[in-house]
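These notes concern the structure reproduced below.
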Amino acid sequence: MVKHTKPNLSVNIGNLVLKNPVMVASGTFGYAEEFSCLLDLKRLGAIVTKTITIKPRHGNLPPRTCETPAGMLNSIGLENPGIDNFIKNKLPFLKKLGIPIIVSIAAEDDPGEFYILVGQLDKISAVSAIELNISCPNMQKNILISQDAKETSALVSSVRKLTRKCLITKLSPNVTSISDIALAAQDAGSDAVALINTLSGMSIDVHKCAPRIGSWVGGLSGPAIRPVAVKMVWEAYNKIKIPIIGMGGIMDIDSALEFFFAGSTAISVGTANFINPGVSLEIISGLEKYMTDNGILNLNNITGKLKACEDLAR
Ligand SMILES: Cc1cc2nc3c(=O)[nH]c(=O)nc-3n(C[C@H](O)[C@H](O)[C@H](O)COP(=O)(O)O)c2cc1C
């Protein structure tokens, strides 16, 4: 008799246990309430909030988004209600969902703002993990923390002392070697790295001779960046031991599998939410089907599958 066992989709990210590895990427899902009439939020592996800063931010000059070939440019400029408003008005809804909530945070001027934010979030049981957004390309800064291994290390090790919650460091693709930055984050105590944030880009309307977005330069996302993201996950996987949360142009089950094969333990869906808000749930079902069809019981058996195949071929 054939024994049918359901595949186990659960994964561990530091001390965080996800019932499945599919989350929604910061900034593409608001604070989830906006999406609540469009899909069953409770089925998601986790929700990553829009990045929060200490004070409310109005964001950048419109237009803030434009479509580009196989993707989009955005320069939202971290519009958000600020930490106090978030805790008072957004977190109660998220808490009721009963799934892990990952709060993304950023500093506006001084890295010390991270300490204040982490200090506040550490006390809140509804916050399952903290994602350090040190990679936002839309902050009018010359250099981001995640573009420098020493700065990344200094920030992560200082924050590590302030919380035992799962700490995720979100990395920028706008660097020479993302694996060196990932290693710095790991060695400084990060539980996981999330990659990639958007690629710096620009688009010009030649009929108006004007940039298509208000801040001229923005962050490119969507399928156009997927090969870059997959390569970066692959590079990081070959250098670090902590889990990688892979993202960048995931649109469906096949593109999600690319990220697992390259070395992701979990994935985040971003731009695709704007086209199909239910896509993350479709990917969860697709994963279950893929594993059942291929007799794979544990998701860990597909993380880094490409490397396992490469090693076998030697
Ligand atoms: C409109 C928009 C807003 C975003 N805002 C944030 C943000 O607040 N914090 C952050 O860490 N990443 C932000 N991102 C980056 C995404 O989380 C993700 O890293 C990136 O878009 C790549 O994934 P994708 O191609 O699936 O969208 C934003 C992306 C988009 C498209």
Side-chain angles (χ1 to χ4, degrees), residues 22-32 34-35 46-53 56-60 62-83 86 90 102-108 114 117 129-139 144-146 168-174 178 192-201 203 213-215 218-233 244-252 255-256 258-259 264 266-277 279-280 283:
V22 182
M23 29 184 128
V24 284
S26 179
T28 65
F29 212 73
Y31 303 96
E34 301 89 326
F35 281 75
I47 288 171
V48 188
T49 69
K50 171 75 189 164
T51 299
I52 310 288
T53 49
R57 278 178 66 88
H58 297 299
N60 290 342
R64 293 171 171 184
T65 61
C66 76
E67 230 177 292
T68 55
M72 66 181 280
L73 265 185
N74 91 78
S75 179
I76 308 297
L78 293 192
E79 179 185 346
N80 79 91
I83 184 83
F86 166 74
K90 308 287 181 191
I102 301 173
V103 180
S104 168
I105 56 170
E108 289 184 273
F114 276 106
L117 290 160
I130 298 170
E131 184 168 281
L132 304 173
N133 178 1
I134 54 171
S135 50
C136 178
N138 300 323
M139 295 282 279
L144 304 167
I145 293 175
S146 68
I168 301 164
T169 309
K170 176 117 177 230
L171 304 184
S172 170
N174 304 307
I178 201 162
V193 286
L195 57 126
I196 59 174
N197 209 320
T198 51
L199 276 157
S200 198
S203 176
I213 52 173
S215 58
L220 183 65
S221 62
I225 71 169
R226 190 189 308 144
V228 177
V230 170
K231 175 185 169 261
M232 289 186 166
V233 168
I244 297 168
I245 302 165
M247 75 198 84
I250 296 177
M251 303 301 283
D252 51 25
S255 45
E258 281 196 59
F259 280 82
S264 304
I267 55 156
S268 262
V269 178
T271 300
N273 291 311
F274 300 128
I275 301 166
N276 173 8
V279 65
S280 300
I283 292 173

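Atoms within a ligand are numbered from 1 in the order they appear, just like the ligands themselves. Only a predicted model underlies this, so the values are computations on that prediction, with no experimental measurement involved. The residues of the chain are indexed from 1 along the displayed sequence.
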**Study point:** Under 4.0 Å to a heavy atom of T271 - the qualifying atoms of ligand 1, by number
**Key:** 24 (P), 25 (O), 26 (O), 27 (O), 31 (C)
Exercise for review: Tell me, please, which residues at least two apart from F259 pass ring pair (Phe, Tyr, Trp, His ring centres under 6.0 Å).
Suggested key: none
Check your understanding: Which of parallel (below 30°), tilted (30 to 60°) and perpendicular (above 60°) describes F35 and F29?
Key -> parallel
Practice item. Flag T65 as yes when one of its N or O atoms lies below 3.5 Å from any N or O atom of ligand 1, and as no otherwise. Key: no
Point to revise | Geometric N/O contact I196 with ligand 1, under 3.5 angstrom | key: yes
Review point. Would you say S215's side chain and N60's backbone share a donor-acceptor pair under 3.5 angstrom?
Key: no
**Study point:** Partner residues of T271 under the side-chain hydrogen bond (donor to acceptor under 3.5 Å, both in side chains) criterion, sequence neighbours left out
**Key:** S221
Point to revise | K50 neighbourhood, listing ligand 1 atoms whose heavy-atom distance to it stays under 4.0 Å | key: 5 (N), 6 (C), 7 (C), 8 (O)
Check your understanding: If you count the atoms of ligand 1 from 1 in the order shown, which ones are under 4.0 Å from a heavy atom of T51?
Key -> 7 (C), 8 (O), 9 (N), 10 (C), 11 (O)
Check your understanding: For atom 29 (C) of ligand 1, what's the nearest protein heavy atom and its distance?
Key -> N74 ND2, 3.6 Å
Exercise for review: Around atom 15 (C) of ligand 1, find the nearest protein heavy atom and jot down its residue, atom name and distance.
Suggested key: N197 OD1, 3.4 Å
Exercise for review: Measure from atom 28 (C) of ligand 1 to every heavy atom in S26, A25, G218, S172 and give the option owning the shortest one.
Suggested key: S26
Review point. Is the number of heavy atoms from other residues, nucleotides or ligands within 6.0 Å of CD (E67) greater than 12?
Key: no
Review point. For ligand 1, which atoms sit closer than 4.0 Å to a heavy atom of L78?
Key: 8 (O)
Practice item. Test N133 against every option in T169, T51, T53 by the side-chain hydrogen bond (donor to acceptor under 3.5 Å, both in side chains) rule and name the one that passes. Key: T51
Check your understanding: For ligand 1, which atoms, with element, lie under 4.0 Å from some heavy atom of G249?
Key -> 24 (P), 25 (O), 26 (O)
Exercise for review: Show which atoms of ligand 1 fall inside a sub-4.0 Å distance from at least one heavy-atom site of K170.
Suggested key: 10 (C), 11 (O), 12 (N), 15 (C), 16 (C), 17 (O), 18 (C), 19 (O)
Point to revise | Numbered atoms and elements of ligand 1 in range of M247, under 4.0 angstrom, heavy atoms | key: 18 (C), 19 (O)
